[in-house]
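Structure first, commentary second.
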Amino acid sequence: MSRLLRTLRGSQPVARFQRRCGLFPAGEESGGDAAEGARERGACNGAAGRGLPNGVRRRCGRQGCTQKYVVKNYFYYYLFKFSAAMGEEIFYITFLPFIYWNLDHSVSRRMIIVWSVVMYIGQVSKDILKWPRPLSPPVVKLELRADAEYGMPSTHAMAATAISFSFLSATANQYQYPFKLGLAAAFVFSTLVCLSRLYTGMHTVLDVIGGALISAALLVLLYPAWDAIDHLLLTSPFCPLLSIVVPLLLCYNYPKLDYYSPTRGDTTTILGAGAGATVGFWLNNQYAAPAYTGDSFQLGLPLVAGKTLVVMLARFFVGILVVLLTRRIMKSAVLGALGYRYKFPVGDLEARRRLEVEVPYKFVTYSSVGFIATVVVPLLHRLLGLL
């Protein structure tokens, strides 16, 4: 067993998976030298076939291009790059609000709370365990930002498992659709996200398996108590206060590292969004805000036909515009206020990484986003006749 665990924790299985999917270090598959000047910069920006010969690409970041690689199978390349994006902010800030605005409040509440809990446990576990990510070489690493974090467990795998199966469990008894189809969709979604972490070279096999299993265990533990938790969040007079204070305390007491890692900032973002949304849930319940009910709603072909689709898309685009504007305005306002308070220019990246700046900056910004998405946007939908 210990030998198997060492193998799963190693870099070679990841490298073999990448090779089978057509991703190679440039030295293994291309003998040409890197082009100079403008052609080299074009390849660095991801231009295929224009900067470097034979489909050679380079991994790029703030410090420039650091690793060339060859893509032999572009189907897998784009499939897993897209799947990896399903675990990023762009997915959370679009998919979760879409469910809230177009499906059912109870479903979205479960998904957001489960997502917040799972991601916090995963992020903290990384910085407690401090397991390194796969070695490069032999692995090709397609992402630079995440490489500054530790590896175990994979929070992409945790989030994908939590979101897909919490969605399944929340909708199975409320909407009419084949359960086997929903189960297959949840399994495929979570599997693609998990495999994308191997393809991008960001996690070992054990990181991915561990993340999925931890998330599954948390879902099993939370499922029997969900109705009681949901009732408490909606009715307790202490909910707004606790929803803000507890996440803030967790963020300020996040495990300290010897160097800067984006995990604390990412965790603060997630807990802030969850806190703002939770306060919004409570306020909606107290004052009977407009709800998107699914009583007469059947998942199937009628869902994507005619006027229903137009209204759903209108809700989404109106809502996401408000959310993005809120994020932009709050980022500028909060960062400006903190810069004035602590005497640093807004563009000072090192200052923005300090605990006393990063936590309030991200928490206030994203709690505002969560609150606006759950309270203000539904009111705007009603005002525009989209309910």
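Counting begins at 1 with the first residue of the sequence.
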Minimal heavy-atom distance between S190 and F165, with the atoms involved, is OG-CE1, 3.8 Å

Ignoring hydrogens, what is the shortest heavy-atom contact between A162 and V118? Give both atom names and the distance. CB-CG2, 3.9 Å

Does atom [atom1] ([X]) have a neighbourhood of more than 12 heavy atoms from anything else shown, all under 6.0 Å?
| X | atom1 | answer |
| --- | --- | --- |
| Y223 | OH | no |
| F187 | CZ | no |
| I90 | CD1 | no |
| F344 | CZ | yes |

Is E143 paired with R197 through a side-chain N to carboxylate O contact shorter than 4.0 Å? yes

Is the F95 ring parallel, tilted or perpendicular to the F91 ring (thresholds 30°, 60°)? parallel

Please state whether the rings of Y100 and H105 are parallel, tilted or perpendicular, taking 30° and 60° as the class boundaries. parallel

Taking only residues two or more places apart in sequence, or in another chain, which ones meet Y92 in a ring-ring contact (aromatic ring centres under 6.0 Å, His included)? W115

Quick check: do V70 and L23 have side-chain heavy atoms less than 4.5 Å from each other? no

T200 and K141 side chains, donor-acceptor separation under 3.5 Å: no

